[in-house]
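Worksheet: the structure to be examined is printed underneath.
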Amino acid sequence: MVYWMGRDQRTADNWALLHAQELAVKKKVPLIVVFCLVPKFLGATLRQYSFMLAGLIETEEHLRKKHIAFFLLPGFPENVLPAFLVRHKCSVLIADFDPLKIRRRWKEAVDSRIAIPFYEVDAHNIVPCWVASGKQEYAAYTFRPKVRRLLPQYLTEFPSLKRHPFLFQGKHYATDWESIKTGLAADNSVSEIDWLLPGEKAAGKTLRDFIRRKLNFYSLRRNDPSSDFQSDLSPYLHFGHISAQRVALEIRKTKANKIDRDAFLEELIIRRELSDNYCFYNDNYDNCDGFPEWAKKTLESHRYDRREYLYSLDRFENSETHDKLWNAAQTELVIRGKMHGYMRMYWAKKILEWTESPEKAMEIAIYLNDRYELDGRDPNGYTGISWSIGGLHDRAWGERTIFGKIRYMSYNGCRGKFDIDSYVAYVRTLKHASGL
DNA sequence: ATCGGCTCGCGCAA
DNA sequence: TGCGCGAAGCCGAT
């Protein structure tokens, strides 16, 4: 029995792994976990690779204790996985679910090259993506009731992973992580981060810290970039170091104010799973063709509006705009690998305002997001950027230049909502600490 | 400080 | 067919 691990890189609370173990026990066969390490993945840099590999080292260790063999296979899945399955006489393949196009293509390619049953388990969402809705949802308000209705059935406790009763007897060596790391072809010009530790254990600690220190202030202060009241869980959720279902269960158990729990659960469940819904049902999640019709129309009619500021990718990347708030957000992204959630919206909308076209804006925003964010290449990233630039899951607002009816965000608006100078000063301390 | 208008379309009720 | 309302706002009037 083989679990092909993709985006759910953990041993606890993983429905794909649990299902694989259940089937393996029933068939009285050993259980293997395989991870295909591709040399290049949508512009990922050493920053993301090293966070991921550290998590996988911990995964291998946990699996070993559970008598489950772990194989790290360097190469593209369609090239390495079919031969692996034949070599070890595997009878069933189980993968976790991922709506991204590249991952779906890999699965199709593998499927066409193997003769054994191949199942997919959504281990990432609480309500499996295709169960929650059979179509692309228009907005959160259409998605919310569908998920709410199904939560009692899906937001349940997990069984624990058992020590596997059937040992893998084939040839198996512990992974040589050092040579894997030195052999990485990833772009090493983006530095690793050290303020957030990778892996399942660190994810759990981050969750407990959030509940203890921040949850009770969440609804009021989560949108204040000058203070530290975000959960910081998104990198862990992205790599699957922690399960969203586990987070939801733990949040529900706390005695925090209902208003704060609800605000957090809305983001964790509804908004996050809506992102998967969008990417799963719309192949244009990473470009302007995915925008709703009203937004395409309004952006088109403002395509040739005069832009007061026009910046190249370089100027954006180096935080060289005229706007100190935008520059601070970009600097936070580059240094820390995680931009404050509220600033992500302002940041992307300004890229639309200061580039020659929505297409170019999408390209730049996605490039910078995927290059520097620890949680880049995630459905949440594509969906958030499409919300900001293309009105996705949003409604039309007062018409204005460049944006048309896309919701606008302004420097003055931010000034009324939080202390801009304090945020800029905080980013300056990051910059000094990092030696830039 | 607070309020209303801006503006689109989904989904449900009638 | 009508109606309520939505993922994070802006702006001008009061």
Side-chain angles (χ1 to χ4, degrees), chain A residues 132-149 217-227 229-231 234 237 244 259-279 281-282 285 290-302 305 308 323 325-326 329 338-353 365 369 378-420 423:
Chain A
S133 173
K135 61 168 189 159
Q136 181 188 328
E137 290 297 326
Y138 186 75
Y141 76 91
T142 61
F143 189 55
R144 193 176 293 113
K146 299 185 181 181
V147 171
R148 286 247 174 93
R149 200 169 48 237
F217 307 90
Y218 190 74
S219 67
L220 208 60
R221 306 200 52 188
R222 82 196 129 124
N223 283 339
D224 177 0
S226 70
S227 61
F229 285 92
Q230 297 210 122
S231 72
S234 68
L237 289 165
I259 191 167
D260 295 309
R261 277 185 306 172
D262 287 351
F264 182 77
L265 290 174
E266 165 76 11
E267 295 194 15
L268 177 79
I269 304 174
I270 304 298
R271 297 184 194 178
R272 201 183 44 78
E273 304 202 352
L274 180 58
S275 297
D276 261 33
N277 169 276
Y278 178 56
C279 295
Y281 290 111
N282 195 325
Y285 58 76
F291 298 171
E293 284 310 313
W294 67 265
K296 281 184 196 165
K297 213 168 91 192
T298 195
L299 284 172
E300 196 55 45
S301 66
H302 290 272
D305 288 0
E308 195 173 345
D323 177 349
L325 176 58
W326 194 95
K338 189 171 175 296
M339 190 192 300
H340 191 280
Y342 189 81
M343 291 312 300
R344 292 190 191 200
M345 299 183 283
Y346 180 83
W347 174 86
K349 283 182 180 294
K350 292 301 161 187
I351 296 177
L352 170 64
E353 192 172 351
N369 183 74
D378 191 281
N380 290 298
Y382 299 116
T383 304
I385 289 170
S386 299
W387 178 87
S388 303
I389 295 175
L392 177 74
H393 300 152
D394 204 4
R395 60 162 150 160
W397 297 86
E399 191 157 11
R400 60 155 57 226
T401 177
I402 304 171
F403 285 79
K405 292 166 183 172
I406 305 287
R407 183 196 302 256
Y408 184 66
M409 287 176 80
S410 69
Y411 185 93
N412 279 340
C414 290
R415 198 167 54 188
K417 291 187 183 70
F418 63 91
D419 184 347
I420 290 177
Y423 175 65

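FYI, side chains are in, hydrogens and waters are out, and symmetry mates aren't considered; it's all heavy atoms of this structure. Throughout, protein chains are lettered first and strands after them, A, B, ... in sequence-line order, and every chain is numbered starting at 1.
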- Note on the structure: Intra- and inter-strand pairing of DNA chain C, written as dot-bracket with Watson-Crick and G-U pairs under 3.5 Å and | for the latter, reads ||||||..||||||
- Message: Say we look at B:dT7 and C:dG12: how far apart would their P atoms be, to the nearest angstrom?
- Response: 15 Å
- A:Glu267 and salt bridge (Lys or Arg N to Asp or Glu O under 4.0 Å): which partner among A:Arg272, A:Arg261, A:Arg222? A:Arg222
- Message: Using the P atom as the point on both nucleotides, what is the distance between C:dC5 and B:dA14, in whole Å?
- Response: 14 Å
- Passes salt bridge (Lys or Arg N to Asp or Glu O under 4.0 Å), A:Lys296 versus A:Glu293? Steps please. CA-CA 5 Å; A:Lys296 281 184 196 165; A:Glu293 284 310 313; 3.3 Å; yes
- Query: On a whole-Å scale, what distance lies between the P atoms belonging to C:dA7 and B:dC12?
  - Reply: 15 Å
Distances under 3.5 Å between protein N/O atoms and the N/O atoms of nucleotides 6-10 of chain C, please, pair by pair.
residue : atom : partner  : partner atom : Å
C:dG6   : O6   : A:Arg395 : NH1          : 3.4
C:dA7   : OP1  : A:Ala140 : N            : 2.9
C:dA7   : OP1  : A:Tyr141 : N            : 2.9
C:dA7   : OP2  : A:Arg144 : NH1          : 3.0
C:dA7   : OP2  : A:Arg144 : NH2          : 2.7
C:dA7   : N3   : A:Arg271 : NE           : 3.2
C:dA7   : N3   : A:Arg271 : NH1          : 3.4
C:dA8   : OP2  : A:Arg407 : NH1          : 3.2
C:dA8   : OP2  : A:Arg407 : NH2          : 2.1
C:dG9   : OP1  : A:Lys417 : NZ           : 3.3
C:dG9   : O3'  : A:Tyr408 : O            : 3.4
C:dC10  : OP1  : A:Ser410 : N            : 2.7
C:dC10  : OP1  : A:Ser410 : OG           : 3.2
C:dC10  : OP2  : A:Lys417 : NZ           : 2.7
C:dC10  : O3'  : A:Arg400 : NH2          : 3.4

- Message: Using modelled atom types and a 3.5 Å cut-off, is there a donor and acceptor pairing between side-chain atoms of A:Lys338 and backbone atoms of A:Ser234?
- Response: no
- Task: May I ask you to test the A:Leu299-A:Ile406 pair for a side-chain heavy-atom distance under 4.5 Å?
- Result: yes
- Message: Take a 6.0 Å sphere around CZ of A:Phe217 and say whether it holds more than 12 heavy atoms from other residues, nucleotides or ligands.
- Response: no
- Task: Start with the C-alpha gap between A:Thr298 and A:His302, add the side-chain angles, then the distance that decides, and say whether side-chain contact (heavy atoms from CB on, under 4.5 Å) holds.
- Result: CA-CA 7 Å; A:Thr298 195; A:His302 290 272; 4.1 Å; yes
- A:Lys405 side chain N/O closer than 4.0 Å to the phosphate oxygens (OP1, OP2) of B:dC6? no
- Task: With heavy atoms under 4.0 Å as the rule, sort A:Lys349 into base, sugar-phosphate or nothing.
- Result: nothing
- P atoms of C:dG4 and B:dG5, separation to the nearest Å: 14 Å
- Message: Between A:Glu353 and A:Lys350, does any NZ, NE, NH1 or NH2 come within less than 4.0 Å of an OD or OE carboxylate oxygen?
- Response: yes
- Task: Please determine, by modelled atom types, if A:Asn277 and A:Glu137 share a side-chain donor-acceptor pair under 3.5 angstrom.
- Result: no
